[in-house]
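Numbers here simply count residues along the sequence, with the first being 1.
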Amino acid sequence: MRQYKDSKYVIYQHDFRTLSEFLRYNESLPVNKEVFGRCASKEYGRKEWHGTRNYEEAEKLCRNGWNEGYEKFVRMKRKVDLKFNSVIPRPRLTTNFVGFAPSVPDYLNNNPLDMNDTEKRDNPRAITIYVQLGFHCETDLSAVMNRGVIILSIVDALEKCGLGVRLKTFVGAVELDEAVIVTFELHKESERLNIKRMYFPLCHVAFVRRLFFRLLEVTPVRRSYWSLGYGRPMEVCELRSFLELGANDIVIPQPDSTAVYGRDIDRDCDKVLELTGLDRVLKRSDRK
């Protein structure tokens, strides 16, 4: 953990390479009892709120994967993938000495470039997408699910455009003059997209309301108000400042900050693309 100050906040930042490392850290430290007299992360509360009956169930799902609703999730993603097919630039057809099929007109005209080929991309660019996994308590759970679907379809679409994609997720919360951030890299640009592995952290409320809450409880924050509501989610402007993002890095904030409400997946998709500028990235990605 790094602890530092800026002009407004004392910041406690945790950066984990893997989810397993995050889970081990959560259980290795004692609860900060000066602030947290009760631990919401381990309460046997309503499953509708916490997402699981207890903390141990959430930890197990994070380690082993979440199956409930997964087939429906994949079907939703396929639907959104079809929507992206209309905006993904197709490789330009060209002719070359070698290729995947003969170009009959060029062959008949004795053109040495008589094979059809697709235009090659040199040094494909990389893009980093940061996703805020935290959300307001009033957020509809269908909005969380829709946003998870859209994010994974975006990664697929960008990679089909020839872009390398890094997907970095985080939870950021603020209380008075203190801020807590935890980051994870869920997808590296060199690896194949693993939808099943990402399903739980992107879409299950227990990732925040059990696992992140536990991280808050073992962090040496000082403001007693943390124990009342466990902070508020950071907004985009705060996230860019805390994470020191570049101008080309993309932030997908909590669902209601991108007008994702979970009632219409097509509308939610359009809003995410518009408010993050990813619609422009997709349209221009074949120009370089």
Side-chain angles (χ1 to χ4, degrees), residues 1-6 8-32 35-36 39-42 50-52 55 58-59 61-63 66 128-137 139 144 147-148 151 166-188 197-223 225-227 229-245 249-255 257:
M1 183 196 77
R2 293 191 297 130
Q3 180 178 337
Y4 56 98
K5 294 182 67 174
D6 68 3
K8 189 175 180 180
Y9 296 103
V10 176
I11 302 158
Y12 304 85
Q13 183 164 337
H14 306 263
D15 300 294
F16 297 104
R17 292 171 295 178
T18 65
L19 293 177
S20 295
E21 185 179 76
F22 163 56
L23 295 175
R24 288 195 300 270
Y25 182 88
N26 269 359
E27 291 302 304
S28 68
L29 296 175
V31 172
N32 177 7
V35 173
F36 295 97
C39 293
S41 69
K42 297 207 172 183
H50 286 102
T52 60
Y55 179 88
E59 185 179 43
L61 290 174
C62 190
R63 290 187 187 279
W66 179 35
T128 303
I129 301 175
Y130 291 83
V131 179
Q132 160 73 298
L133 298 179
F135 49 86
H136 288 300
C137 59
T139 302
V144 178
R147 191 187 65 158
I151 288 167
R166 293 184 292 268
L167 183 63
K168 293 192 175 183
T169 54
F170 62 91
V171 185
V174 172
E175 188 62 72
L176 297 177
D177 60 349
E178 292 186 315
V180 176
I181 306 171
V182 55
T183 68
F184 319 86
E185 188 167 28
L186 277 191
H187 176 67
K188 298 179 175 62
R197 181 168 64 90
M198 299 183 191
Y199 179 45
F200 176 78
L202 284 177
C203 299
H204 202 299
V205 297
F207 190 85
V208 174
R209 294 175 179 170
R210 291 287 191 193
L211 305 183
F212 175 67
F213 280 10
R214 181 63 178 178
L215 182 71
L216 277 176
E217 292 160 0
V218 301
T219 299
V221 293
R222 302 183 64 182
R223 298 302 183 188
Y225 284 101
W226 282 108
S227 65
Y230 283 66
R232 64 165 176 81
M234 292 178 182
E235 300 298 338
V236 173
C237 58
E238 295 171 318
L239 295 169
R240 286 197 171 276
S241 173
F242 290 142
L243 297 174
E244 299 180 349
L245 306 186
D249 293 332
I250 291 172
V251 177
I252 299 180
Q254 58 184 317
S257 293

Can you give me the closest heavy-atom contact between T169 and L202, atom names plus distance? CG2-CD2, 4.2 Å
Would you name the heavy atoms of R147 and P253 that are closest together and state the gap between them? NH1-O, 2.5 Å
Quick one, M198 and L167 - any side-chain contact, counting heavy atoms below 4.5 Å? yes
Could you give me the CA-CA distance, side-chain angles and deciding distance for F207 and F184, then say whether side-chain contact (heavy atoms from CB on, under 4.5 Å) is met? CA-CA 12 Å; F207 190 85; F184 319 86; 3.8 Å; yes
Only one of Y225, Y12, Y9 passes side chain to side chain donor-acceptor pair (under 3.5 Å) with E178; say which it is. Y12
Counting only heavy atoms not in R223, do more than 12 fall under 6.0 Å of its CZ? no
In Å, rounded to the nearest 0.5 Å, how long is the span from CG of L19 to CZ of R24? 10.5 Å
Do the ring planes of H204 and F200 sit parallel (below 30°), tilted (30 to 60°) or perpendicular (above 60°)? tilted
Exercise: identify the closest heavy-atom pair between R210 and S41: NH1-O, 2.8 Å
Does a side-chain heavy-atom distance below 4.5 Å link M234 with I181? yes
Let me confirm one number: the CZ-CE distance from F16 to M1, rounded to the nearest 0.5 Å. 10.0 Å
Take E27 and Y55 through the test side-chain contact (heavy atoms from CB on, under 4.5 Å) and record every step on the way to the result. CA-CA 11 Å; E27 291 302 304; Y55 179 88; 3.4 Å; yes
Are any side-chain N or O atoms of Y230 and backbone N or O atoms of A40, one a donor and one an acceptor, separated by less than 3.5 Å? yes
May I ask you to decide if R17's main-chain N or O and E21's side chain share a donor-acceptor pair within less than 3.5 Å? yes
Within the distance-only criterion (no hydrogens, no angle test), does the side chain of R197 pair as donor or acceptor with the backbone N or O of L186 below 3.5 angstrom? yes
E235: partners by salt bridge (Lys or Arg N to Asp or Glu O under 4.0 Å), with sequence neighbours left out: none
Closest heavy-atom contact between Q132 and G134? OE1-N, 3.1 Å
Gap between atom NZ of K42 and atom CD of E217 - 0.5 Å precision: 8.5 Å
Minimal heavy-atom distance between F22 and L211, with the atoms involved, is CZ-O, 3.6 Å
Note: V174 and A179 closest approach over all heavy atoms is CG2-CB, 4.2 Å
Kindly indicate whether the side chain of W226, heavy atoms from C-beta on, has any atom under 4.5 Å from the side chain of T219. no
Please determine whether side-chain contact (heavy atoms from CB on, under 4.5 Å) holds for the pair Y130 and T183, giving the CA-CA distance in whole Å, both sets of side-chain angles, and the decisive distance to 0.1 Å. CA-CA 9 Å; Y130 291 83; T183 68; over 6 Å; no
Out of curiosity, D6 CG to I11 CD1, how far, rounded to the nearest 0.5 Å? 4.0 Å
Starting from the C-alpha separation in whole Å, work towards a yes-or-no answer on side-chain contact (heavy atoms from CB on, under 4.5 Å) for I151 and V131. CA-CA 9 Å; I151 288 167; V131 179; 3.5 Å; yes
Just jot down the side-chain hydrogen bond (donor to acceptor under 3.5 Å, both in side chains) partners of T128, sequence neighbours excluded, or say none. R166
For the backbone of V221 and the side chain of N32, can you confirm whether one donor and one acceptor N or O come within less than 3.5 Å of each other? yes
Mind checking the NE2-NZ spacing from H187 to K168? Nearest 0.5 Å is all I need. 13.0 Å
Within the distance-only criterion (no hydrogens, no angle test), does the side chain of R214 pair as donor or acceptor with the backbone N or O of C39 below 3.5 angstrom? no
Single hit among T52, L23, N26 for side chain to side chain contact (heavy atoms under 4.5 Å, CB included) with E59: L23
